[in-house]
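For reference, the structure is listed below as structure tokens.
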Amino acid sequence: MTVRTRFAPSPTGYLHIGGARTALFAWAYARRHGGQFILRIEDTDVARSTPEAVQAILDGMQWLGLAHDEGPYYQMQRMPRYKEVIGQMLAAGTAYHCYTSPEELDRLREEQMAKKEKPRYDGRWRPEPGKLLPAPPAGVAPVVRFRNPTEGVVAWDDGVKGRIEIANAELDDFIIARADGTPTYNFCVVVDDWDMGITHVIRGDDHVNNTPRQINVLEALGAQVPQYAHLSMILGDDGQKLSKRRNSVAVTDYDERGYLPEALLNYLARLGWSHGDDEVFSMEQFVQWFDLDHITASAAQFNTEKLDWLNAQYLKSAADTRLAGEAARRLARRGIDPEAGAPLEKVAALYKDRATNLNELADALEPFCVVVHPSAEMIATHLTEAARGALKVLRDKLADCAWEKAAIGAVMKETLAACGMKMPQVAIPLRVVLLGQPQSPAIDAVVEVLGRTEVLARLDQYA
RNA sequence: GUCCCUAUCGUCUAGAGGCCUAGGACAAUACCCUUUCACGGUAUGAACCGGGGUUCGAAUCCCCGUGGGGACGCCA
């Protein structure tokens, strides 16, 4: 049996971080077992589904690099099939028409809540041997309900949570088709998973309660029940449920905020799953190691600081050209011409182990592309008479030394000796003049990449 | 309210009855490195929710509390 997993988002918004982790785990499981990963768009909620959201999900998956082997399938395109199955169930007596109006159901629910009972459909239209059903009211379009077993328990061995048992007495006859004939989620999922030969359903924890219903339908259909694995939730940095207002929930936000997809993926992999003490690993490694046994059953809190650290690790080992390209893209968005100054690849090499994200990297590269204007305060504190004198000496030496780091360093030492100063006394003013800030990587390296013309031009303004 | 899930440092987690004086990582603190700021290195502090069992022995198994989460739609 080849493993087939699926990711089945509903296109009512962007791909969010919890969905991304679910997708990652389902994807990894299929990859790990040489199976297929299927993408299915659950768009039966016509009112809330949008083509933009479908695109956002596809974009998010692509940015993460989670490629599907089949699909995307769209549930709206499978309507005839759902209707066919509903017809079969109606004929077989595993489903029936119900004429109770939404208003009546609301009233029923309120009454039950008032009596502190679990709200549920009371089965008034459910056919039973010897039971006399009311006459169908005229002009009312019925919904179709699943005839759920009333006795016994539904049980499954959850890949993450272990054995879960729920009594059928807790379940009611849920609606599988609306009055307008469109099928509902719990039903579509079942038909899809069945038709698509899904062997392992890896999804969010919020579906645990749907599972017994789905199993019952599967059994009524005579279908094979897949293995289920329910992933717990991801909580926000503040320990609260993720919310659009307080947290970055869209995967694309992370791109915007300067995270590398592999860093996010690595972080997400470790959120709720572990492999001993391993923290930093490639997706190839992850796929080899991934298993359901080591998934945590309890909810995990998102920790931006750790993501930042991971991102910094990946930034350090990323190729200079890639980093330069990413930074250039960000600089361009700020209206800065990334081609205007020093070669960005070389600058990026200088800064990549000091940045935690690509925006910070872009910040660092900016002074290499534009004319810098140190603040008056910075000029006052750092560009003293003595400093300016030393910079003048240095300027003349830089004007005709060999242009490579060692030679530049040597020239700086000569300047120190000539002026009787210590390195920081010259290096810091030089940084201010060259970059508009008192900190930078090794100053001789900075001078080298900035280039002689630019260095002399900037020095001439102050020295 | 009912049902379901869950509980190890601040956070992510290791831990499958003795290997636990509870390990790693992020964060914190200190020191080292240093041409500034970072990076990096070293070190330190920091946890088994509470109560009952089971057992020679429990972070690990069971029960009850408590905390947290989820579900209870003609949403997905």
Side-chain angles (χ1 to χ4, degrees), chain A residues 8-12 42-45 47-49 75 98 100-102 105-106 109 112-121 141-145 158 160-162 164-167 169-172 174-186 188-189 204-212 230 232-233 235 237 239-241 267 270-280 293-294 296-310 312 316 351-356 364 382 409 412-413 416 422-428 430-432 437-444:
Chain A
S10 61
T12 53
E42 310 216 323
D43 53 359
T44 52
D45 185 352
R48 295 196 303 154
S49 297
Q75 289 187 323
C98 166
T100 316
S101 69
L105 287 172
D106 284 345
R109 263 192 287 274
Q112 288 165 329
M113 294 285 256
K115 281 191 282 185
K116 299 195 184 297
E117 283 169 6
K118 186 172 184 166
R120 63 215 306 194
Y121 176 64
V143 300
V144 179
R145 284 185 186 271
D158 195 274
V160 173
K161 307 206 181 253
I164 300 180
E165 292 186 5
I166 291 172
E170 292 295 328
L171 274 20
D172 64 359
F174 69 101
I175 293 173
I176 61 176
R178 303 178 178 92
D180 65 5
T182 58
T184 62
Y185 166 76
N186 270 308
C188 297
V189 168
D205 190 298
D206 47 339
H207 290 288
V208 168
N209 293 277
N210 291 325
T211 306
H230 289 96
S232 56
M233 300 197 40
L235 271 22
D237 238 335
Q240 303 287 111
K241 190 176 167 178
Y267 178 72
R270 280 289 288 105
L271 237 203
W273 175 85
S274 61
H275 184 267
D277 290 339
D278 297 301
E279 297 286 351
V280 185
D293 291 347
H294 291 84
T296 314
S298 55
Q301 189 171 316
F302 196 92
N303 185 221
T304 306
E305 286 170 334
K306 189 160 181 179
L307 206 213
D308 283 343
W309 173 78
L310 259 177
K316 271 192 241 297
Y351 280 89
K352 67 178 181 179
D353 57 3
R354 329 164 59 89
T356 66
H382 297 293
M412 288 201 65
K413 293 216 170 73
L416 299 183
K422 296 280 187 201
M423 184 59 95
Q425 293 174 289
V426 176
I428 293 180
L430 182 56
R431 288 183 170 103
V432 169
Q437 54 198 26
Q439 302 95 30
S440 83
I443 190 64
D444 43 6

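Every chain is numbered from 1, with letters handed out A, B, ... down the list of sequences.
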Which nucleotide in B/U35, B/A27, B/A76 has an atom nearest any side-chain atom of A/M423 = B/U35

Inter-nucleotide C1' distance (B/G23, B/C9), Å rounded = 12 Å

inquiry  = With heavy-atom distances below 4.5 Å as the criterion, would you say the side chains of A/K422 and A/L416 are in contact?
reply    = no

key: Spacing of A/R431 atom CZ relative to B/A38 atom P, expressed in whole Å   = 12 Å

Inter-nucleotide C1' distance (B/G68, B/C62), Å rounded = 22 Å

ask   = Quick one: does A/K161's side chain get under 4.5 Å of A/D205's, heavy atoms only?
value = yes

request  = Give a yes-or-no answer on whether the side chains of A/D180 and A/T182 include a donor-acceptor pair shorter than 3.5 Å.
outcome  = yes

ask   = Once you round to the nearest 0.5 Å, how far does CD of A/Q439 lie from CZ of A/R431?
value = 8.0 Å

inquiry  = To the nearest 0.5 Å, what is the distance between NE2 on A/H382 and CD1 on A/I428?
reply    = 6.5 Å

message = For B/C20, does the O4'-C1'-N9-C4 or O4'-C1'-N1-C2 angle fall within 90° of 0, making it syn, or is it anti?
response = anti

Report each atom pair, protein N/O against N/O of nucleotides 71-74 of chain B, whose distance is under 3.5 angstrom.
| residue | atom | partner | partner atom | Å |
| --- | --- | --- | --- | --- |
| B/A71 | O4' | A/N209 | ND2 | 3.1 |
| B/C72 | O2' | A/P119 | O | 2.8 |
| B/G73 | OP2 | A/R109 | NH1 | 3.1 |
| B/C74 | O2 | A/A179 | N | 3.0 |
| B/C74 | N4 | A/T100 | O | 3.3 |

query = Who is the Watson-Crick or G-U wobble partner of B/C33, with both distances under 3.5 Å?
reply = none

task = Among B/U2, B/U36, B/A76, find the nucleotide with the atom closest to the side chain of A/Y185.
result = B/A76

ask   = Considering every strand shown, what is the Watson-Crick or G-U wobble mate of B/U44 when both distances are under 3.5 Å?
value = B/A28

query = Expressed as a whole number of Å, how far does the P atom of B/C26 sit from that of B/U34?
reply = 23 Å

query = Any side-chain heavy atom of A/H230 within less than 4.5 Å of one from A/V160?
reply = no

ask   = Under 3.5 Å, is there a donor-acceptor pair between the side chain of A/Q112 and the main chain of A/R120?
value = yes

key: Between B/U35 (C1') and A/H382 (NE2): distance, integer Å   = 14 Å

At a cut-off of 3.5 Å, list every protein nitrogen or oxygen paired with a nitrogen or oxygen from nucleotides 45-50 of chain B, distance to 0.1 Å.
none

query = Looking only at atom P, what distance separates B/G10 and B/A46, rounded to whole Å?
reply = 11 Å

inquiry  = Using the rule side-chain contact (heavy atoms from CB on, under 4.5 Å), only one of A/P11, A/P9, A/C188 pairs with A/D43; which is it?
reply    = A/P11

message = The criterion is side chain to side chain contact (heavy atoms under 4.5 Å, CB included); which residues satisfy it with A/T100, sequence neighbours excluded?
response = A/C98, A/E104, A/L105, A/Y121, A/R124, A/W125

request  = Starting from C1' on B/A38, measure out to CD1 on A/I428 and report it in whole angstrom.
outcome  = 14 Å

request  = List the protein contact pattern of nucleotides 6-15 of chain B with one symbol per nucleotide (5' to 3'): B for base contact, S for sugar-phosphate-only contact, - for none; contact means a heavy-atom distance under 4.0 Å.
outcome  = SS---SBSSS

Contact nearer the 5' end of RNA chain B, comparing A/K116 with A/I164 = A/K116

inquiry  = Quick check on RNA chain B: between A/P438 and A/L235, whose nearest nucleotide comes earlier from the 5' end?
reply    = A/P438

note = Whole-Å distance, A/M412 CE to B/U36 P, equals 12 Å

Review item, nucleotides 18-22 of chain B N/O atoms under 3.5 Å of protein N/O:
none

message = For B/A76 and A/T44 - does any side-chain N or O of the residue sit under 4.0 Å from the phosphate oxygens OP1/OP2?
response = yes

query = How would you list all residue pairs meeting side-chain hydrogen bond (donor to acceptor under 3.5 Å, both in side chains) that involve residues 296-305 of chain A, not counting sequence neighbours?
reply = A/D237-A/T304

key: Rounded distance in Å between the C1' positions of B/G69 and B/A28   = 29 Å

message = Under 3.5 Å for both donor-acceptor distances, Watson-Crick or wobble: does B/C3 have a partner, and if so which one?
response = B/G70

ask   = When the C1' atoms of B/U8 and B/C20 are considered, how many whole Å apart are they?
value = 12 Å

ask   = Sub-3.5 Å donor-acceptor pair from the side chain of A/E170 to the main-chain atoms of A/A167, do we have one?
value = no

inquiry  = Give me the distance, rounded to whole Å, that separates B/G1 from B/U44 when you measure between the P atoms they each carry.
reply    = 48 Å

query = For A/K316, which contact category applies under a 4.0 Å heavy-atom criterion: base, sugar-phosphate, or nothing?
reply = sugar-phosphate

ask   = Roughly how far apart, to the nearest Å, are B/C61 and B/U54 at atom C1'?
value = 8 Å

